[in-house]
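All chains are named by letter (A, B, ...) in the order of the sequence lines, taking the proteins before the strands, and each is independently numbered beginning at 1.
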Number of protein chains: 2
Amino acid sequence: MTEPTSPDPRRAALMAAAEALFFERGFAATSIDAIIERAGGSKRTIYALFGSKEGLFEALIRENTEKMFGAPFFGAPSLGLEETLTGFATHLLELFTRERTIGLYRVVVAEARRMPELAASFHRLGPERGRDWIAGVLAAAAERGEIGPVDPHSAASQFLGLVRSDVYFEIVLGLRGPLGRTEIAQIADSAVATFLRGIQPRGRLRP
Amino acid sequence: MTEPTSPDPRRAALMAAAEALFFERGFAATSIDAIIERAGGSKRTIYALFGSKEGLFEALIRENTEKMFGAPFFGAPSLGLEETLTGFATHLLELFTRERTIGLYRVVVAEARRMPELAASFHRLGPERGRDWIAGVLAAAAERGEIGPVDPHSAASQFLGLVRSDVYFEIVLGLRGPLGRTEIAQIADSAVATFLRGIQPRGRLRP
DNA sequence: TTGACAAGGTAATGACCGTTACCGTATCTG
DNA sequence: CAGATACGGTAACGGTCATTACCTTGTCAA
């Protein structure tokens, strides 16, 4: 549908201004005039490129989702399970607690009721890929006998929750600033440790 | 004859209309006129009772938060740890996946940047109480030796994430309807099982 | 050089916004 | 019954909104 990269500088300026304003104020509270004031140029250009305010918003969400979540989860398959999970958890925390990602998430959640297909596309192009990748990692580990038999999908769901923990909830509400590297490493290590012990069948020990 | 504390019916009607509209459309996209059209009466009354649109919004958020999260977590202390955690997880899932709670959460997240103290008050009056209660339960269990020594705060944070798992994320994005009782019980049981195994010190068995 | 045409800046449009001034009315005091 | 007072409905106000018609300007072929 849309070209992956467009070399149009007007388009890039509009996108940058739209990102700053939509992510800060939300969709309804951001006016076309404010976007133009920040990006320069003319309203005419927005309607020529995007058709409407909602069209600009949709393009912004889609492109940011793809940019942020574009193929970041395919770590080296040579690593052991624990290292793979820790690497994934670290990456997830770094990504999800970034100011940009929080802004994107907030605005998608805010409009999820009025633009359901936009929220679905955000999830499909973004978080769902990480969840599926982790489910694959767990399925392979279970097949190799590294962990006990699990339902990969629900185990991945638990792992994601464990990594986000309550910390992500608080960050989304604006109660915490972004995490430092030390904090991220600590949360990731602790989540992986809890998870690996947690999914072992009752009464079994890790080797 | 008259009740000791008279609940103003105009105020209640305004609150009901405001809830339906703010939770559905968000703050900026909801107009005072639309609220009046739904609640009846006059705009004059809104400004007499709440001072402004934002005042009405703040009162709505505060009262809904208190109504939803008011003292629901103080279960019977006679139960065992596993039953206590399962009861809490079930309650949390029922509450957080309700349509009303999702609407409240969406709108608080959407306005978290512009009304930070509102988001903080939501958290303090709501989710934080559950987290603190669970932390207390875990601290007491650790002191009794039922579980190994843990940092109650970060263990509670992990437990909350584990219960919400990725399912809550998907519901907030509108990708899933509310959960059924069976689904909730399954998620709660599984989360508690993973958690209790997960927080045991490395190499220790549950009795 | 000139004509035409496309692109983008300007200003208009019609609707709607939050807020408040104004005024009728109903209730209460004397 | 008369007057005052507080409440709530109506309509207006100044501003802003998304969208579009109009027009200026720059470009390029002939």
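The CD atom of B/E37 sits 14 Å away from the C1' atom of C/dC17 (whole-angstrom rounding). Residue A/Y47 contributes atom OH, which lies 21 Å from atom C1' of C/dA6 at whole-angstrom precision. When the P atom of C/dT19 is taken as reference, atom CD1 of B/I35 falls 11 Å away, rounded to whole Å. The interatomic distance linking B/D8 (CG) with D/dG8 (P) rounds to 8 Å, in whole Å. When rounded to the nearest whole Å, the span between CZ of A/F57 and P of D/dT19 equals 14 Å. One can place NZ of A/K43 at 14 Å from P of C/dT13, the figure rounded to the nearest angstrom. To the nearest angstrom, P of D/dA18 lies 15 Å from CZ of A/F50. Nucleotide C/dT19 holds its C1' atom 13 Å from the CD1 atom of B/I36, rounded to whole Å.
Under the 30°/60° scheme for interplanar angles, the aromatic rings of B/F27 and B/F22 are found to lie parallel. The aromatic rings of A/F169 and B/H123 sit tilted, their planes meeting at an angle between 30° and 60°.
Each of A/T86, A/T194, A/L85 was scored for a side-chain contact (heavy atoms from CB on, under 4.5 Å) with A/D189, with one residue passing: A/T86.
Put simply, CD1 on A/I102 and OH on A/Y168 are 5.0 Å apart, with the number rounded to the nearest 0.5 Å.
DNA chain D is contacted by both A/E54 and B/T45; B/T45 maps to the nucleotide lying nearer its 5′ end (nearest heavy atom per residue). Of the two residues contacting DNA chain D, namely A/A29 and A/R44, the nearest-nucleotide position lying further toward the 5' end is that of A/A29. Both A/A48 and B/A34 lie near DNA chain C, and the one whose nearest nucleotide falls closer to the 5' end is A/A48. Residue A/S42 is the one, among A/S42 and B/T30, whose nearest nucleotide of DNA chain C lies closer to the 5' end (criterion: closest heavy atom).
Considering only side-chain N and O atoms, B/R10 lies under 4.0 angstrom from the phosphate OP1 or OP2 of D/dG8.
By the 6.0 Å contact criterion, CD on B/E63 is enclosed, its count of non-hydrogen atoms from other residues, nucleotides or ligands being greater than 12.
Looking at the side chain of A/S31, the nearest of the listed nucleotides D/dA18, D/dT19, C/dG18 is D/dA18. In this structure, of C/dG18, D/dT20, C/dG9, it is C/dG18 that holds the atom nearest to the side chain of B/I32. Of the candidate nucleotides D/dA21, D/dG8, C/dC17, C/dC17 has the atom nearest to the side chain of B/D33.
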